[in-house]
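Below is one structure, written out as structure tokens; the observations come after it.
Please read all numbers here as calculations on a predicted model, not as lab measurements. Labels below follow one simple rule: chain letters A, B, ... track the order of the sequence lines, proteins then strands, and each chain is numbered from 1.
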Amino acid sequence: MEIPSKYEPQSAEAKWYAYWLEKGFFNSVPDDRPAYTIVIPPPNVTGVLHMGHMLNNTIQDVLIRRARMRGYNACWVPGTDHASIATEAKVVQKLRAEGVKKSDLSREAFLEHAWEWTHKHGGIILEQLKKLGASCDWNRTRFTMDEKYYEAVIDTFVDLYNKGRIYRGERIINWDPAAKTALSDEEVIYKDVQSHLYHLKYQVVGSNEFIVVATTRPETILGDTAVCVNPKDERYKHLHGKKVMVPLVNRVVTIIADDYVDMEFGTGCLKVTPAHDMNDFMLGQKYQLEIINMMNDDGTVSEAGGMYIGQDRFAVRKQIALDLDAAGLLIKQEPYSNKVGYSERTDVVIEPRLSMQWFVDMKELSKPALENVMNDNIKFFPPKFKNSYKHWMENIKDWCISRQLWWGHQIPAYYTEDGNWIVAKSLEEAQEKCKSQYPEYTGGLKQDEDVLDTWFSSWLWPIAVFDGFYSEDEVSYYYPTADLVTAPEIMFFWVARMIIAGYEYRDELPFRNVYYTGIVRDKQGRKMSKSLGNSPDPLVLIDQYGADGVRVGMLLSSPAGNDLLFDESLCEQGRNFANKIWNAFRLVNGWGQNTEKAQPRGSAVVAVQWMNARLNQVIDQLNDDYDKFRMNEALMNTYKLVWDDFCAWYLEMVKPPYGEKLDEETYSATIEIFEKILTLLHPFMPFLSEEIWQTIRDRKEGESLCVAQWPTSYSTDGEWLDGFEAFTETVIGIRNIRKDNAIANKEKLVLKVLSQDGGLSAYHAAVEHLGNIEATEMCNEKPAGCYSFIVKGREFFIPFTEKFDVGAELKKLGEELNYTEDFLSKVRLKLQNERFVSNAPQQVLDLERKKEEDALHKITLLKTQIAALGK
RNA sequence: GGGAGUUUAGCUCAGCUGGUUCAGAGCACCUGCCUUACAAGCAGGGGGUCACUGGUUCGAACCCAGUAACUCCCA
């Protein structure tokens, strides 16, 4: 059978993914084994795979595959999020392209379009994840608007309302005039903007005096209902309680005094617009000011503004500045840089706006969530994120959960015609309740038009995917889940709230560990985005480098919490690695075994001993790496195990003479070692490892590496590992002599050693094999006419060939002598320091003395070598 | 404005309790090789003011103080 010299991923990927699915290896049902659960961070239902998903899901797949091999009942639950505002925006856009306005449609008709869109585009991303090799239990795929999930969200709302945790109130909220909806604080992005600071003149009534107010939003004077100064401010003390005229508007308002005002900022005078600023609203409440809502939901000036009605806020800003100037009321206009909030979704400037919304009271709810992260019941990786989590949780604000959208979970509040409301699961229940609460009322009930914030459904994800609100069957087995892998950007949106919901509804943490991935950036450090066009298509990458290659590429440079500068060459490295493994397989496969040949060669015997010791060492190392969620180190350690230890050393050590097969004993040991290595590789490179694993030995139907057992280490003699270093140094010594003197590798050499240095190491047969040494001679005294090198105090000699260059050799030895003498003097300096000798621990002292001794010995050797050559 | 973090090779990063010949890894780079698995490879090699300044200590990349630059989060 001819095996291609390059690994061809495409066929292997399709074949083994289908096999895994067919055998149901990814499916999980509760049983006696301990559960290991991951719930996927549900991507937007109509989203497509981007590099962030690749990273995130590769990590999850590595974790879940390893857990599966370690004997856990591994369950990775996939699913999608309805993504209220993002999806609705897309549907609106699509309809607009077809000439249909959302406002022309009924709610029902619009939702029909939305569902149609969802069914058409929904789940594409899940299909893409399969290409990556994601081992999700696809039977469990959930959607946040599934019937049962929807019910859970509604029940949660009703429950929290009944507990007094949800209230309805008029507050200043972040208003997105493009999407025409309220946003939570987390959906607002602050950007640095070059704008202007306008200094406006407010005439004091009944006087020639005026005061000056500085503002960046002059159009909001239409809603001014007071002017405020700091009570300590001497400049304005005489004006407290006086009236001023709002410029242009000519509304008469009072000057109030409150220490909220910063005397240093601007002129120390603040205009108060309770309907359009968070802090002004607070002042408005405190001093019972009139509230004038001068803006429509689309950002144009409302009737209440009295002027500029119907014009856009930014047009008005320009115009009003001109008009104020014309009226002599604009004192100056200076450039000013400040931060302005933008909508995460629509990227328009957020308008603080007074409106009636639903809120969750977070104070009490959030307490266990803070406590259990700070005491490490829930662990964050890296732990630095605990800081910002703590800061946020300690200053948590109430959560605005209503959105003026249609796509989502409709708020289960029902209004009477006279403005009372009833919260109930359904209209029928609401009607029942209405009868007892308002027995006189005979009119109808109308459900709240708004839907809930998307995160109000996804915060239930780890519970709801197991139908945990309605049945204990699964949730009691799978919950709490093991690990959550997500981006730090959604720590507050999602992670914190899942923890809150977990304690509220299960009285338990939702997951034990949270692994925060970084942001995938391009080589220049820019965030990958559609508009920059700097994001490669993940599927194209998979096609080019193989899924395994891309997985390796993603993991090679991404410690938890660090941003990842993605470079396609990393995938190339991954592909090359796959090819390296493939060729190791070809080599072993090509050797085959000879069952007649019973006696293993000396070199092979030590190779097997050492490789097993090394494997055990690496297995321990990997387990430690995984425990600490150091995925990239686990990968790098596996990479070096394969490339350096297995390919560069082990396979060379056991390599039979050309044309011969391996003896039976070495062959079976090699296959076993290879299998273990494939097991360790499987979480990173599932396809390649399965492909080789299936071929390297006869397998029964239904066997698979993905359910094979993760290897455990056993204690081995450390001596094998110690001796190995001297061995490799010896081989390198021989190679260097060959290279420096242009001695071909094919040319066999004689090696001489001094018998006074003791017996040969157990590795000596391997030294001869790799160094192409035909004989090793023991000498009683230093042989003349030889190249030599020193390994750990032992000198090796190789007879000169005709190309020997005395000058070069002397130079090299001289350099080494200088270095060693320099080193010796540094060590001696330390040892001569009395304070070091009296203070340092014995261990450190001994070590320094050993260094001194070794260096002295080496110097003696080098000096005799130089003397011998100089003759 | 408030908070957190980072700074080690050309790049991306390790360096765990201050002490091992400790200054490391991978990639990149340089030199030589188509050596009977792999040129997507093999063998060898160069490369550092551990951001800066001071302090603590017998001993500092590591601890402390200050300075600078960058990044992120929050308002």
Side-chain angles (χ1 to χ4, degrees), chain A residues 3-7 185-186 188-190 262 264-265 278-279 338-339 341 382 384-392 394-395 397 488-489 491-492 518-519 521 523 525 545 549 556-559 561-567 569-570 572-591 624-625 628 630 632-633 635-637 639-640 643-644 647-648 651-652 655-660 731-732 735-736 738-740 742 744-747 772 819-820 823-824 826-827 830-841 843-848 850-851 854-855 858:
Chain A
I3 305 172
S5 73
K6 293 195 170 30
Y7 169 58
D185 293 342
E186 287 69 35
V188 179
I189 300 181
Y190 290 87
D262 179 1
E264 305 297 317
F265 182 83
M278 216 70 83
N279 297 306
N338 64 335
K339 295 212 172 188
K384 65 174 178 184
F385 287 114
K386 277 167 78 176
N387 287 330
S388 40
Y389 181 83
K390 177 167 183 264
H391 190 256
W392 190 76
E394 282 175 347
N395 298 289
K397 306 256 169 50
E489 308 162 296
M491 182 160 63
F492 308 128
I519 296 166
R521 298 174 179 278
K523 260 199 285 189
Y545 301 102
L556 269 175
S557 71
S558 60
N562 277 27
D563 284 1
L564 178 150
L565 297 191
F566 183 78
D567 184 343
S569 69
L570 291 169
E572 199 179 321
Q573 194 183 344
R575 180 201 59 181
N576 293 355
F577 183 42
N579 203 44
K580 183 73 185 175
I581 302 162
W582 181 250
N583 276 292
F585 159 66
R586 280 212 308 149
L587 179 66
V588 173
N589 191 61
W591 287 337
D624 187 54
D625 290 338
K628 293 174 178 153
R630 298 175 160 210
N632 59 329
E633 285 192 29
L635 173 58
M636 190 42 71
N637 283 322
Y639 182 91
K640 287 192 273 193
W643 206 302
D644 300 340
C647 293
L651 290 178
E652 292 301 329
K655 191 180 245 177
Y658 183 59
E660 286 184 31
V731 172
I732 288 168
R735 283 175 183 162
N736 280 334
R738 283 183 186 277
K739 184 171 166 114
D740 292 347
N745 289 326
K746 280 180 202 158
E747 193 176 328
N772 199 15
Y819 174 83
T820 314
F823 175 69
L824 178 68
K826 266 192 248 168
V827 172
K830 231 185 214 184
L831 286 168
Q832 278 156 14
N833 182 343
E834 260 176 56
R835 292 205 288 177
F836 171 70
V837 177
S838 52
N839 283 321
Q843 227 182 330
V844 176
L845 262 177
D846 288 349
L847 207 69
E848 289 302 316
K850 176 91 173 28
K851 283 188 208 168
D854 287 353
K858 191 163 182 186

>> Can you see if the side chain of A/R735 gets near the phosphate of B/G32 - specifically, an N or O under 4.0 Å from OP1 or OP2?
In response: no
> Are A/D624 and A/K628 ion-paired here, with the side-chain N under 4.0 Å from a carboxylate O?
Replying inline: yes
> Base, sugar-phosphate alone, or nothing: which one does A/E572 contact when heavy atoms must sit under 4.0 Å apart?
Replying inline: nothing
> Can you find a side chain N or O atom of A/Y639 that sits less than 4.0 Å from OP1 or OP2 on B/A25?
Replying inline: no
>> Applying a 4.0 Å non-hydrogen cut-off, can you work out what A/N736 is touching in the nucleic acid: base, sugar-phosphate, or nothing?
In response: sugar-phosphate
> Name the stems that RNA chain B belongs to, where each is three or more consecutive Watson-Crick or G-U pairs with both distances under 3.5 Å?
Replying inline: B:1-7 with B:68-74, B:10-13 with B:24-27, B:29-33 with B:41-45, B:51-55 with B:63-67
> Among B/A40, B/G5, B/A14, which nucleotide sits nearest the side chain of A/K384?
Replying inline: B/G5
> Angle class for the A/W582/A/Y7 ring planes (parallel below 30°, perpendicular above 60°, tilted otherwise)?
Replying inline: tilted
>> Base, sugar-phosphate or nothing for A/L570? Non-hydrogen atoms, less than 4.0 Å.
In response: nothing
>> Tell me the interatomic distance from A/I189, atom CD1, to B/C73, atom P, rounded to whole angstroms.
In response: 9 Å
> Which whole number of Å gives the distance between the P atom of B/U49 and that of B/G5?
Replying inline: 28 Å
> How would nucleotides 33-38 of chain B be written as a contact map, 5' to 3', with B for base contact, S for sugar-phosphate-only contact and - for no contact, using protein heavy atoms under 4.0 Å?
Replying inline: --BBBB
>> Strictly distance-based, threshold 3.5 Å: is any side-chain N or O of A/N839 a donor or acceptor partner for the main-chain N or O of A/R835?
In response: yes
